[in-house]
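Report on the following structure.
In each ligand, atom 1 is the first atom listed, and ligand 1 is the first ligand listed. Everything numeric in this text was worked out from a predicted model, so none of it was measured. What you see below is based on every heavy atom in this structure, not just the backbone, and it leaves out hydrogens, waters and symmetry mates.
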Amino acid sequence: MRYIISIILIGAALGAAIVGIAGFRGGLSRQPPIEVFPDMNRQLKLRPQEPNPFFPNGVSSQLPPSGTIARSEPMQTINGPVYPFEDAPVNTGRVTGTTNFVETNPLPVTGELLQRGHERFDIYCAPCHGRLGDGNGITKKLGVMPAVANLHDQRIVVMTDGEIFNTITHGKSTMAAYGPLMPAQDRWAVIAYLRALQLSQLGSVDDLPPDQQKTLNQ
Ligand code: HEC
């Protein structure tokens with residue numbers, strides 16, 4: 001009996017405490033609320049346009065660090081005109097001022113770009129699409145991602161580079177977006193390498209010089 005009474009009393013006291021603390025949430029008060037975890041609501045920081053003796057020009061607003069591009073800032077595309085970065089094919093995969101995908105890679109395809117693409121492809125794409133791009137990556141063996149596209153499908157072979165860029169950037173159904181993980185240049189490098197992979201599967205004997213064809217036929 002004593003136990004029951006003390007349990008009831010403790011329960012009542014706890015209840016009163018909970019109502020006392022939580023029950024007044026939403027109530028108006030001139031006091032700042034109790035912050036158990038302040039979540040960095042208040043922190044030391046510089047406000048734009050405020051005087052700040054720390055910097056040589058005396059204000060907290062500084063020019064952007066070198067090598068960075070403001071989103072609206074014009075950007076020189078390789079051997080093309082100057083576009084605002086936001087609307088440059090290299091960043092969107094689309095023809096500037098339209099929603100049409102660009103046909104081909106806006107970056108010059110060099111050995112260096114292909115090598116970079118090879119490396120990035122093996123890191124970011126091979127787990128699902130396989131190192132050959134045939135859709136037989138490790139995720140298929142493990143059974144965690146059954147329906148992975150075969151990148152040698154005719155449909156993807158004839159797809160514009162811009163649309164593939166769009167797929168890498170934003171993802172497609174069960175494929176996640178890789179835009180946040182890979183800089184635009186790397187996405188184009190992967191596309192260049194993917195084209196080389198596709199070509200490697202499309203070659204025929206007729207592509208060989210005649211003397212090599214002969215050797216092969218022997
Ligand atoms: C986590 C697994 C996974 C990874 C990693 C992945 N993909 Fe995919 N990808 C898929 C799946 C699944 C599909 C099929 C989506 C669908 O249902 O159309 C697909 C589809 C595609 C397609 C065809 C899109 C279309 O229009 O049908 C392309 C092109 C592609 N991936 C390229 C890439 C490239 C390039 C990378 C590396 C940057 C990559 N994927 C990384 C899972 C992945």
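- Applying the side chain to side chain donor-acceptor pair (under 3.5 Å) rule to pairs touching residues 43-65 yields N57-Q62, sequence neighbours excluded.
- Side-chain atoms of R94 do not come within 3.5 Å of backbone N or O of G162 as any donor-acceptor pair.
- No donor-acceptor pair under 3.5 Å is formed between the side chain of H152 and the backbone N or O of V157.
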Need the list: ligand 1 N/O atoms against protein N/O atoms, distance under 3.5 Å, rounded to one decimal.
residue, atom, partner, partner atom, Å
ligand 1, 7 (N), H129, NE2, 2.8
ligand 1, 9 (N), H129, NE2, 2.9
ligand 1, 17 (O), S173, OG, 2.7
ligand 1, 26 (O), K172, NZ, 2.9
ligand 1, 27 (O), R155, NH1, 3.1
ligand 1, 27 (O), R155, NH2, 2.8
ligand 1, 31 (N), H129, NE2, 2.8
ligand 1, 40 (N), H129, NE2, 2.7

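- To the nearest 0.5 Å, atoms CZ (R195) and OG1 (T104) are separated by 10.0 Å.
- In the hydrophobic clustering of this structure, L202 does not group with L114; members are Ile, Leu, Val, Met, Phe, Trp, Tyr whose side-chain heavy atoms approach within less than 4.5 Å, directly or through other members.
- Taken from NE2 in H129 to CG in N150, the straight-line distance is 9.5 Å, to the nearest 0.5 Å.
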